[in-house]
Amino acid sequence: EIQYNEKSRSLEIAVKAFTDDLETALRKTFQTPTDLLSVKDRDLAARRLTEYISSHLAIRINNKPVSLKFLGYEQEREAIWSYLEAEQAPEPGNIEIVNSILYDSFDQQIHLVHVMVNRKRKSAKLAYPADRLRFDF
């Protein structure tokens, strides 16, 4: 989910993935288990999750890349929500997304992408191996 916040001029991103799928991808990437739900390993898990998402998600607004800042993550039932933000983002005329999260672990991965800008919501499905979407507003 991606939403442009006009008031703060920021792009707010929330990525939802099943906990076990995400831990599988992190284990494959870092060659060691990562427990996203362990309180004692939370800092390590956050660093690994930040690195993983940063290497699998990129966003461009109006054809210019934006820098994504990892804000944190939380558990919701069997899933993990990861939160990111692009500060000082221009109002989007278009948003391009490159998303290959979990593609390195699951060759039938499907992403549902929802983008909201100025109360206009657009959605699309991204299925492996396709990893790029563009939304025009």
Side-chain angles (χ1 to χ4, degrees):
E1 295 184 4
I2 299 172
Q3 183 168 340
Y4 182 70
N5 184 324
E6 301 139 13
K7 194 175 214 177
S8 65
R9 295 185 48 88
S10 64
L11 201 62
E12 300 166 346
I13 300 111
V15 177
K16 182 179 182 182
F18 288 111
T19 305
D20 58 340
D21 292 347
L22 205 45
E23 288 177 342
T24 296
L26 293 173
R27 182 173 44 256
K28 185 174 182 179
T29 299
F30 296 101
Q31 302 297 308
T32 184
T34 301
D35 184 351
L36 293 169
L37 305 180
S38 171
V39 173
K40 71 175 188 154
D41 291 334
R42 189 139 178 106
D43 289 340
L44 174 64
R47 284 194 307 275
R48 287 182 177 170
L49 195 52
T50 300
E51 185 178 329
Y52 180 79
I53 290 175
S54 297
S55 67
H56 291 280
L57 179 66
I59 297 177
R60 297 172 63 93
I61 297 177
N62 303 333
N63 305 315
K64 294 183 181 165
V66 296
S67 179
L68 300 177
K69 179 174 133 184
F70 186 81
L71 302 175
Y73 72 95
E74 67 181 346
Q75 177 187 12
E76 179 188 83
R77 292 186 208 102
E78 69 280 347
I80 295 290
W81 280 97
S82 300
Y83 303 103
L84 301 100
E85 180 178 44
E87 299 174 317
Q88 300 176 357
E91 183 170 329
N94 65 64
I95 295 178
E96 298 172 59
I97 302 159
V98 178
N99 180 358
S100 61
I101 294 172
L102 300 179
Y103 280 12
D104 49 0
S105 298
F106 303 100
D107 63 4
Q108 295 189 4
Q109 179 64 34
I110 296 173
H111 298 291
L112 299 177
V113 181
H114 308 289
V115 180
M116 185 175 288
V117 174
N118 295 328
R119 296 184 199 102
K120 292 180 186 170
R121 181 182 166 106
K122 296 189 177 190
S123 299
K125 182 169 74 170
L126 191 60
Y128 179 91
D131 65 356
R132 296 173 190 272
L133 285 173
R134 178 183 167 113
F135 296 92
D136 292 305
F137 291 93

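- For the pair P90 and R9, the tightest heavy-atom approach, listed with the atom from each and the gap, is CA-NH2, 3.7 Å.
- Applying side chain to side chain contact (heavy atoms under 4.5 Å, CB included) to Y52 and the options L26, L57, T34 leaves one that passes, L26.
- Annotation for Y73 and A45: closest pair OH-CB, 3.4 Å, computed over non-hydrogen atoms.
- Between E91 and F137 there is no side-chain heavy-atom pair separated by less than 4.5 Å.
- Closest non-hydrogen pair, R48 versus P33, comes out as NH1-O, 3.2 Å.
- Residue Q108 places its CD atom among 12 or fewer non-hydrogen atoms of other residues, nucleotides or ligands, all under 6.0 Å distant.
- Atom CD of E85 and atom OG of S67 lie 10.5 Å apart (nearest 0.5 Å).
- Distance CD/E96 to CZ/R134: 5.0 Å, rounded to 0.5 Å.
- Rounded to the nearest 0.5 angstrom, I80 CD1 and L36 CG are separated by 5.0 Å.
- Rounded to the nearest 0.5 angstrom, E74 CD and K16 NZ are separated by 11.0 Å.
- Side-chain contact between D104 and H56: present, with at least one pair of heavy atoms (C-beta onward) separated by less than 4.5 Å.
- A distance of 7.0 Å separates CD1 of I61 from OH of Y4, quoted to the nearest 0.5 Å.
- The CG atom of N94 lies 5.0 Å from the CG atom of N62; values are rounded to the nearest 0.5 Å.
- Within the 4.5 Å cutoff, side-chain heavy atoms of T24 are placed close to those of F106.
- Other residues, nucleotides and ligands contribute over 12 non-hydrogen atoms within 6.0 Å of the OH atom of Y83.
- Heavy atoms only, all atoms of each residue included: F70 and A46 are closest at CE2-O, 4.0 Å.
- Screening L11, I2, T50, I53 for a side chain to side chain contact (heavy atoms under 4.5 Å, CB included) involving L84 leaves a single residue, I53.
- Of all the heavy atoms in N5 and E12, the pair that sits closest is ND2-OE2, 3.0 Å.
- F135 has its side chain within reach of I97: a pair of non-hydrogen atoms, C-beta onward, lies under 4.5 Å apart.
- Two residues are said to be in side-chain contact when any heavy atoms from C-beta on lie closer than 4.5 Å; R47 and L44 meet this criterion.
- Remark: the backbone N or O of K120 is not paired with any side-chain donor or acceptor of N118 at under 3.5 angstrom.
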